[in-house]
Amino acid sequence: MYIVSLGGPKWWQQASRSVSISASLSRVESPPARADATFKVTMLPGDGVGPELMTAVKDVFKAGDVPVEFDEFHLSEVQNMASEDKLEELLSSMKNNKVAIKGKIHTPMEFKGELASYEMRLRRKLDLFANVVHVNSLPGYSTRHNNLDLVIIREQTEGEYSSLEHESVPGVIECLKIITRAKSRRIAKFAFDYATKKGRNKVTAVHKANIMKLGDGLFLQCCAEVAQLYPKIKYENIIIDNCCMQLVQNPYQFDVLVMPNLYGNIIDNLAAGLVGGAGVVPGESYSAEYAVFETGARHPFAQAVGRNIANPTAMLLSAANMLRHLNLEYHSHMVSDAVKRVIKQGKVRTGDLGGYATSDEFTQAVIANLAV
Amino acid sequence: MLSNMNMPRLAQMQTVTLIPGDGIGPEISSAVVKIFQAANAPVSWEERNVTAIKGPGGRWMIPPDAKESMDRSKIGLKGPLKTPIAAGHPSMNLLLRKTFDLYANVRPCISIEGYKTPYTDVDLVTIRENTEGEYSGIEHQIVDGVVQSIKLITENASRRIAEYAFEYARNNQRSSVTAVHKANIMRMSDGLFLRKCREVAESYKDIKFTEMYLDTVCLNMVQDPTQFDVLVMPNLYGDILSDLCAGLIGGLGVTPSGNIGANGVAIFESVHGTAPDIAGLDLANPTALLLSGVMMLRHMGLHDHAHKIQKACFDTIREKKVLTKDLGGNSKCSEFTADICRRVQDLD
């Protein structure tokens, strides 16, 4: 029925076929089932173009009759809308809804007191340890490397982002990078479980254990230990600088990549650039209980605010992933197919993809394509 | 033309310490020596070996004759060195870095016409702080299963590398310097690095200074590398970005690299491996070492010779008639070298 271009083919196509048939059948027979089937999702627009992208998502959902209701929260460090109370409100909403969609909360470079930004604290409080970015080439949009299909899994609660810094003597600053066995094992297991579930063949661990022998050495050791429990998945490892070089020369050798925090940040952005930039790559963050959907490459893109030029593709594709997570298969496909159709047709494209359309025009084009 | 021919012979012969290295090191070093000779470059080579020896007091060090030669000549050209795994001593590159306080690693990445990659028109330089940052080597296990690695950023090292970057930009007619950092996450450490870069930028008003987050640089680099000029950054980011940029132009086999030290010492090197599987078979590609030699000539002020040799090398690659295997041909290293020598002599 549907050609699913995101992720592993076999298991996924079988599952989506059966679920979507039953879902579409039930929808056709009883349309007003919306009332009790509405899902509540926490929405956090964030800074920069976040609010505009969220508007696009809301418009598309409304046009497509998607049974999702948003609980909006506005938390922002740069706009002075951040406080402990707001964070608590947001967290309790998350605990109820379990699923969220968010933009990027920008971190100003000057800090008052706490070194950890609100974005990092949110991640830690919800224990969103795994960040998954889907790097898929968009059909109809050519880049230097076409037909890419990578998944990048990044540990995002420890590593270099521990916010533990101090000035030992004036002019000498230490920044601690923490690697623990528990978290390394957890992300490795997540990566292999994900690969198994989505029918992927290989997991590659990215590290710099030749230099950071203890830290990244521990990470690598945990990955190797977990790999032994999944004999069907091929396991390899590669050093981060070589990985970057290989990604720009031959990205097809990779399948699923797993890595600690900072390298994840680098590779997420590099890979996003390979398929078209921050505007086209969706991503999500998982904890044991929560799922937060966002863009893959997280930038507030403040210079585009108010100019109606941001590309809603990444956020819309991520919203579609969110619908699949909520088991709203039919609606998920409806949204992602519409987005892909618009891109493939090539007539309405935002500036980052070489076109002249505004964000609104793109959103309208997606809505127009929902009806099919 | 005639007067140009006479000038090199009258110019002072400068001594350069040559470290052939291991594996394919000796072959590519002799290729470079041949080409320099064909170009009449006023360079006299002093070959030295840098295999680590244990000095008095039990500390590993490089052989004293190598150190003495380098201290005297101030310029070195180095081939690939192998790092034996269980030899007990630290990597040779690390030892060299510590001995001569090589604080700046400079990699110019220029697209090579004739060696096609998906990225064209790349012309940027990465300048990486090479002594501290994430590679300080200070790590310990706090309790079982919890490891802490320390990233060190100091005011002095940050200022030093920023000053070098701006000097380099000025001396090589580059128009802008971009500081690459993650000061939104590592607010104190990268914050200090960024502050120092900003301060130094004040003294170099003729050079444009911008700052960009590391992830934004990576995102933009693979989409449009032409927007970058000189990039300056701490150790780890530099390591990653310089390899990323090498990948854009074709890999480590064609990328030159230079290390600048505190006392005027400069060591230029090829950054690829020793390739033991093709060592001694006349199959190696000397381009990386040759381009590093060209960088060295520019550093020494011998711009004419540098330009001649670089042009000859790029012309040979562009003609595609005598290419080594890694460049897509099946000629021998000696044939490739001879072609470049011929072109260099024709250019005179």
Side-chain angles (χ1 to χ4, degrees), chain A residues 106-111 115 117 120 143-145 160-161 163-167 170-182 208 210-218 240-249 262-263 265-274 276-278 297-299, chain B residues 83 91 117-119 133-142 144-156 158 181-194 213-224 236-237 239-248 250-252:
Chain A
H106 183 60
T107 310
M109 284 196 281
E110 300 70 36
F111 55 97
L115 279 175
S117 64
M120 277 201 278
T143 59
R144 293 182 179 95
H145 310 274
E160 298 82 350
Y161 289 32
S163 317
L164 296 164
E165 297 181 284
H166 47 264
E167 190 158 20
V172 175
I173 297 192
E174 273 191 345
C175 172
L176 304 180
K177 163 180 166 166
I178 311 285
I179 301 274
T180 58
R181 183 175 294 133
K208 191 83 191 163
N210 52 340
I211 303 286
M212 286 180 252
K213 299 189 169 80
L214 288 185
D216 284 358
L218 177 60
I240 173 76
D241 40 6
N242 192 16
C243 183
C244 289
M245 200 176 345
Q246 296 302 320
L247 275 170
V248 295
Q249 295 188 299
L262 180 68
Y263 311 148
N265 184 226
I266 294 170
I267 305 265
D268 279 350
N269 281 273
L270 209 172
L274 293 177
R298 301 184 278 220
H299 300 268
Chain B
T83 302
S91 91
T117 63
Y119 303 88
E134 298 80 350
Y135 293 7
S136 52
I138 313 171
E139 291 187 292
H140 35 265
Q141 183 166 255
I142 311 179
D144 182 44
V146 178
V147 172
Q148 182 178 294
S149 302
I150 297 189
K151 162 178 164 165
L152 208 59
I153 298 279
T154 61
E155 205 178 305
N156 290 335
S158 305
H181 64 96
K182 271 213 85 60
N184 52 343
I185 301 290
M186 287 175 249
R187 306 208 226 192
M188 280 176 84
S189 36
D190 280 0
L192 174 62
F193 178 81
L194 200 56
Y213 292 133
L214 173 63
D215 46 5
T216 311
V217 171
C218 288
L219 184 63
N220 293 342
M221 182 72 79
V222 295
Q223 292 182 75
D224 178 21
L236 176 69
Y237 314 152
D239 190 9
I240 297 174
L241 266 183
S242 57
D243 276 4
L244 173 59
C245 298
L248 296 177
L252 297 180

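These numbers were taken from a predicted model, which means no experiment stands behind them. Any value given below was found using the heavy atoms of this structure, including those in side chains, with hydrogens, waters and symmetry copies removed. Naming: A, B, ... by sequence-line order, numbering from 1 per chain.
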- Toward chain A, the part of B:L241 with a non-hydrogen atom under 4.5 Å: neither

- Message: Counting heavy-atom pairs closer than 4.5 Å to chain A, which one of B:G145, B:G251, B:G191, B:C218 comes out on top?
- Response: B:G145

- Contacts of B:L192 meeting side chain to side chain contact (heavy atoms under 4.5 Å, CB included) (sequence neighbours excluded), chain-then-number -> A:I173, B:I153, B:E155, B:R195, B:K196

- Applying a strict 4.5 Å limit to non-hydrogen atoms, the region of A:L262 in contact with chain B is side chain

- Note on the structure: To the nearest 0.5 Å, atom OG of B:S242 lies from atom CG of A:D241 at 7.5 Å

- Message: Please classify the contact of B:Y119 with chain A as side chain, backbone, both or neither, using a heavy-atom distance under 4.5 Å.
- Response: both

- Query: Can you say whether B:L252 sits under 4.5 Å from chain A via the side chain, the backbone, both, or neither, judging by heavy atoms?
  - Reply: both

- Task: Considering only heavy atoms and a distance below 4.5 Å, find which of B:M188, B:K151, B:H140 pairs most often with chain A.
- Result: B:M188

- Query: Which is it for A:M212 and B:E139 under the side-chain contact (heavy atoms from CB on, under 4.5 Å) test, yes or no, and what are the steps along the way?
  - Reply: CA-CA 8 Å; A:M212 286 180 252; B:E139 291 187 292; 3.6 Å; yes

- Message: Quick one, A:N265 and A:R298 - any side-chain contact, counting heavy atoms below 4.5 Å?
- Response: no

- Which answer fits A:K208, side chain, backbone, both or neither, if we ask what part of it has an atom under 4.5 Å from a heavy atom of chain B? side chain

- Please flag which part of A:Q246 lies under 4.5 Å from any non-hydrogen atom of chain B: side chain, backbone, both or neither. neither

- Query: Quick one: does B:E134's side chain get under 4.5 Å of B:S149's, heavy atoms only?
  - Reply: no

- Item | A:H299 vs B:T216, side-chain contact (heavy atoms from CB on, under 4.5 Å): CA-CA, chis, key distance, verdict | CA-CA 8 Å; A:H299 300 268; B:T216 311; 3.4 Å; yes

- Task: Could you look at A:S117 and say if it's the side chain, the backbone, both or neither that has a heavy atom under 4.5 Å from chain B?
- Result: both

- Query: Quick one: what part of A:E165 sits under 4.5 Å from any heavy atom of chain B, side chain, backbone, both or neither?
  - Reply: both

- Test item: B:Y237 and B:D190 side chains (from C-beta on) under 4.5 Å apart, heavy atoms: yes

- For chain B, the option from A:T180, A:L270, A:L214, A:L247 that forms the most heavy-atom pairs under 4.5 Å: A:L214

- Which region of B:L214, side chain (C-beta onward) or backbone (N, CA, C, O), has a non-hydrogen atom less than 4.5 Å from a non-hydrogen atom of chain A, or is it both or neither? side chain

- Checking B:T117 against chain A: side chain, backbone, both or neither under 4.5 Å from a heavy atom? neither

- Given the options A:P108, A:C243, A:P170, A:S163, which has more heavy-atom pairs under 4.5 Å with chain B than any of the others? A:P108

- Query: Counting heavy-atom pairs under 4.5 Å to chain B, which of A:C244, A:G217, A:A182 comes out on top?
  - Reply: A:C244

- Note on the structure: Closest non-hydrogen contact found for A:G273 with B:Q223 is O-CG, 3.3 Å

- With a 4.5 Å limit on heavy-atom distance, are the side chains of A:R144 and A:V248 in contact? no

- Task: Output all residues satisfying side chain to side chain contact (heavy atoms under 4.5 Å, CB included) with B:N156, sequence neighbours left out; order by chain, then residue number.
- Result: B:R159

- So do B:V146 and A:I178 actually touch side chain to side chain, heavy atoms under 4.5 Å? yes

- Check whether A:H166 gets within reach of chain B through its side chain, its backbone, both or neither, counting any heavy atom under 4.5 Å. backbone

- Message: At a 4.5 Å cut-off on heavy atoms, which part of A:L176 comes close to chain B: side chain, backbone, both, or neither?
- Response: both

